[in-house]
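In what follows, a single structure is set out as C-alpha cells and then discussed.
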Amino acid sequence: MSGNWMWAAKCDGEGARLVDAVGSLCRGLREIGCAIDGGKDSLSMAVTAHGELVKSPGTLVLSAYAPCTNVTKVVNPALTASAESRLLWIKCGGEKNKMRLGGSSLAQVYSQIGDDCPDIEDFSEISKVFSIVQGLLLQDQIVGTINKPMILAGHDISDGGLITAILEMAFAGNVSIGIDIKNPYEEMSSLDLLFAEECGIILEVSCPDDVIKRFRDSNVQCQMIGFASDSYGSNAHVKIHVDGKLEVDEKLVDLREEWELIGDKLGQFQTNTNSLKEAKKVRENCQKITYKCDFDWFYETSFIYHQQYFSTAPRVAIIREEGSNGDREMASAFTLAGFQVFDVTMTDILSGHSLVGYRGAAFVGGFSYADVLGSAKGWAAGVLFNERVSKEFENFRSRSDTFSFGVCNGCQLMAHLGWIGDHDDEEEVRKPTVFLDENECGRFESSFGPVKIERSRSLMLSGMENSILGLWSSHGEGRFTYSSSLNLKNLKSNGQICVRFCDDQGKIGSDYGSQRLPYPWNPNGSVEDVAAICSRNGRHLAMMPHSDRSFLTWQWAESNDVPWNTRFDQQNVALSPWIRMFRNAYNWCKE
Ligand SMILES: NC(=O)CC[C@H](N)C(=O)O
C-alpha cells in the first residue's frame, strides 16, 4: 500500500492526534496483513491568513495495489436488473450496532460536523469480506456453456452512505429499484441507517441465498435489501422502504437530475452549453440500449497460434509514431484474427523499412507529436514531406492486394493523407478532402456508446451491416468535415460512409429528421453522425471510435449485460462481434 499523509502536524495538539492516527493505522495493517511500502507526507498543512490560522483536516489517503491475475473480473456499479438477481447490503468492520453520522455528507448539508463518526473497530472483518468477494469473483456459475458471474454489480458505501450507494447503482444501470431495508438496530432512525457512511458494500448478485450464507457463515452482517427491475430511464422508479415504511418514492430521472446538478455546473467550465443541454435531454429519455448483431463472428482461435508459427499467414504492419498509444490492442486484434503482426515505427520506415511485404497496414490511435498542431498533422508531415516515404505509402495504398485500417489518431492521419476522400482510386495527387475538426462539445470525449454499421464498400465491415454494436470513443478532434458539401453527398452515394453513431433505439439523426443526433449519442458533432469512412474501392478504412478496444466482450463498458451469451473458446478468449472486421481482412487476404 502507499500512504499519503496531510496534516497540520506542527500546530498545538495536532502532533498527538497524528500519533494516535499512526498507531491505529499500524494496528489495522497488522490485522489485515498489509504493509505500507511508500508514499508521501505533507506535515505543514496550516497557514495564517488575515490573522487567522487555517488548518487542513488531518487526512490519510491509502492506495492499495496488488497483482491482478484476471483483468476481466471487473465489478462495476451499474445494476443489470437481470432476472432473479438481488441486492445485498454487507456491513463490515464497524461496530455491529452503530450507524454514525459524524462527518457525513448529510451532516454537512445541515452545517454540522457531529461528534461520533464512522470507524473500523474490527479489521479482521475487512479481510473476511475481501476474501469472500474474491471467492465470488473467481467462481462463475456455469449455465450450459455460458459463464454467468455471481457478482453482477457492486459499489462501496462511502460518500453519502447506504442510500447514495444504492441510488448511484440505479442511476448507472438506468433501472428501477425496489428496496426494503430492515433496520437491524433498535432506536435508530431511518436517517442514521440511510446516511451514515459506515464501511460496507452493496452487491447485486445472481444467487442471493448462496452469497448470503457465505457472509453469515463468517459472521458478517449481510442483508437482502431488494432488487432492480427492468423498467428503464423515464419509466424507472425508485422506491425505498425502511421497515416497511415508504421513505423515497420518486422517478429515477428526477433523482438523477438532482444528482447531476454539480456535475453540470462543473461541466459549464469545459463544455459547450448547448451540448450540456442536449446531454440532459438524452439522460432524461435514455432507455436500455438495443444492441443487435445479425452476423456470425465466433470461431476457435486455437488454430491461429499453430498457424502463426509455421506461417503463410498474411502480414500486417502495425504502424506507430512517437506519442501513439494504441499499438498493442491493434496488434492483439490482428493476431487473434490470424495475421502475422509486425510492430513498425515511423522511424523504421524513415530509415528504409519497406511496406512491400505487407498485405495490411494499421495506423493506431494516440497523440502523435502530442497533437500540438492539430491531431496527426505532425505524423502526416513525416510522410508527405519525405519524398521516399511518401512514395512508399502511395505504392502501398495503390497496390490492389493491400488494405489499411486507421483508428482515431490513425483515422486522422488517413484523412490528412487523402486516403479516404472522394477520389478516384487511380488519382495520383491526393488532396485531403475530409478533415477531423475539434469536437463540437469542446472537450476530449471518452465514452462507450452504440454505433450502427452501414452497408458500405468497406471490405473489413462486409457482412456486418445493420448491426448495432458498442464502441469506445476517445478523442478531442473527431468531427468529420468536408472540403465541400458535395463531398459528403458523393461519399454517401459511393457507399463510403461505413459506420454512424446511433442512439439507444439504434436510430440516427436523419431518422428523426435532424442533421445529427444530440450529444453524447453523437460524441463529436459529426454531421449525419458519421463515425467511419472508407476509400472508394473499400480497401482503406478510417474510423474514429475504437473497434481495436472493443473486440473482446469484457472490454465493453456493460460487459455483464451484452445481448448475446458470452462464449469462451478453448483458449478462454471471449470474442465480441467486432473481431469479425479483422477476420474479414484475413479472409480477404486469403481469397
Ligand atoms: N485516441 C486517439 O487516437 C486520440 C486522437 C487525438 N489525439 C484526438 O484527441 O483527437
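Atom set for the values below is all heavy atoms of this structure, side chains included, hydrogens, waters and symmetry mates excluded.
Between the side chain of Arg500 and the backbone N or O of Val451 there is no donor-acceptor pair closer than 3.5 Å. In this structure, Asn524 contributes its side chain and Gly478 its backbone to a donor-acceptor pair below 3.5 Å.
Using a 3.5 Å distance cut-off with no hydrogens or angles, the side chains of Tyr232 and Asp504 do not pair a donor with an acceptor. Looking at Ser231 and Ser176, their side chains do bring a donor and an acceptor atom within 3.5 Å of each other. Between the side chains of Thr273 and Gln268, no donor-acceptor pair is found at a separation under 3.5 Å. Of the N and O atoms on the side chains of Ser404 and Arg539, not one donor lies less than 3.5 Å from an acceptor on the other residue. In this model, a donor atom of one side chain and an acceptor atom of the other lie less than 3.5 Å apart for Thr80 and Ser82. Residues Gln270 and Arg443 have side chains that bring a donor and an acceptor to within less than 3.5 angstrom of each other. Counting only N and O atoms by type, the side chains of Arg320 and Asn325 include no donor and acceptor under 3.5 Å apart. In this structure, a donor-acceptor pair under 3.5 Å is absent between the side chains of Ser550 and Gln555. Counted by atom type alone, Thr345 and Asp348 present one or more donor-acceptor pairs between their side chains at under 3.5 Å. In this structure, a donor-acceptor pair under 3.5 Å is present between the side chains of Asn494 and Gln496. No hydrogens or angles considered: nothing links the side chains of Ser467 and Asp294 as a donor-acceptor pair under 3.5 Å. Counted by atom type alone, Tyr369 and Glu322 present zero donor-acceptor pairs between their side chains at under 3.5 Å.
Glu284 has a carboxylate O that lies under 4.0 Å from a charged side-chain N of Lys280, or vice versa, which qualifies the two as a salt bridge. Salt-bridge check for Arg397 with Glu394: passed, with a basic side-chain N closer than 4.0 Å to an acidic carboxylate O. Residues Arg536 and Asp422 are paired through a salt bridge, judged by an N-O separation under 4.0 Å between the basic side chain and the carboxylate.
Summarising the geometry of Cys502 relative to Lys452, their closest heavy-atom pair is SG-N, 3.8 Å, with the distance given to 0.1 Å.
In this structure, the ring of Phe363 has its center no less than 6.0 angstrom from the ring center of Phe396. For an aromatic pair to be called close, the ring centres must be under 6.0 Å apart, and Trp297 with Phe551 fails this.
For residues 465-492, the set of pairs meeting the salt bridge (Lys or Arg N to Asp or Glu O under 4.0 Å) definition, not counting sequence neighbours, comprises Arg455-Glu465, Lys492-Glu528.
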Starting from the C-alpha separation in whole Å, work towards a yes-or-no answer on side chain to side chain contact (heavy atoms under 4.5 Å, CB included) for Phe171 and Trp259.
-> CA-CA 9 Å; Phe171 297 159; Trp259 183 84; 3.5 Å; yes

Decide yes or no on ring pair (Phe, Tyr, Trp, His ring centres under 6.0 Å) for Phe339 and Phe403, but give the supporting numbers first.
-> CA-CA 13 Å; Phe339 281 89; Phe403 74 92; 5.8 Å; yes

Carefully, step by step, assess Ser354 and Glu392 under the rule side chain to side chain contact (heavy atoms under 4.5 Å, CB included).
-> CA-CA 7 Å; Ser354 163; Glu392 189 70 44; 3.0 Å; yes

Using the side chain to side chain donor-acceptor pair (under 3.5 Å) rule, take Ser324 and Asp327 through it: C-alpha gap first, then chi angles, then the decisive distance, then the call.
-> CA-CA 7 Å; Ser324 295; Asp327 44 308; 6.0 Å; no

Chi angles and distances behind the side chain to side chain contact (heavy atoms under 4.5 Å, CB included) call for Glu445, Tyr519 | CA-CA 10 Å; Glu445 180 68 17; Tyr519 173 82; 2.8 Å; yes

Just do the salt bridge (Lys or Arg N to Asp or Glu O under 4.0 Å) check on Arg283 and Asp264 with the steps written out, would you?
-> CA-CA 12 Å; Arg283 277 199 309 263; Asp264 267 2; 3.3 Å; yes

Apply the test salt bridge (Lys or Arg N to Asp or Glu O under 4.0 Å) to residues Glu168 and Arg256: give CA-CA distance (whole Å), side-chain angles for both, the deciding distance (0.1 Å), then the verdict.
-> CA-CA 8 Å; Glu168 285 176 342; Arg256 186 168 52 203; over 6 Å; no

Take Ser234 and Gln287, measure what side chain to side chain contact (heavy atoms under 4.5 Å, CB included) needs, and give me the verdict at the end.
-> CA-CA 7 Å; Ser234 50; Gln287 296 293 315; 3.2 Å; yes

Hey, mind stepping through Asp529 and Asn522 against side chain to side chain donor-acceptor pair (under 3.5 Å) and telling me if it holds?
-> CA-CA 6 Å; Asp529 308 304; Asn522 178 333; 2.9 Å; yes

Under the ring pair (Phe, Tyr, Trp, His ring centres under 6.0 Å) criterion, do Trp472 and Phe448 qualify, and how do the steps go?
-> CA-CA 4 Å; Trp472 282 106; Phe448 187 86; 5.1 Å; yes

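Other residues, nucleotides and ligands contribute over 12 non-hydrogen atoms within 6.0 Å of the NZ atom of Lys292.
For Asp401, the salt bridge (Lys or Arg N to Asp or Glu O under 4.0 Å) test picks out Arg359, Arg399, with sequence neighbours left out.
Stacking of Arg315 on the aromatic ring of Tyr358 is recorded, both the 6.0 Å distance cut-off and the 45° axial limit being met.
Counting heavy atoms from C-beta outward, Cys498 and Cys534 have side chains that approach closer than 4.5 Å.
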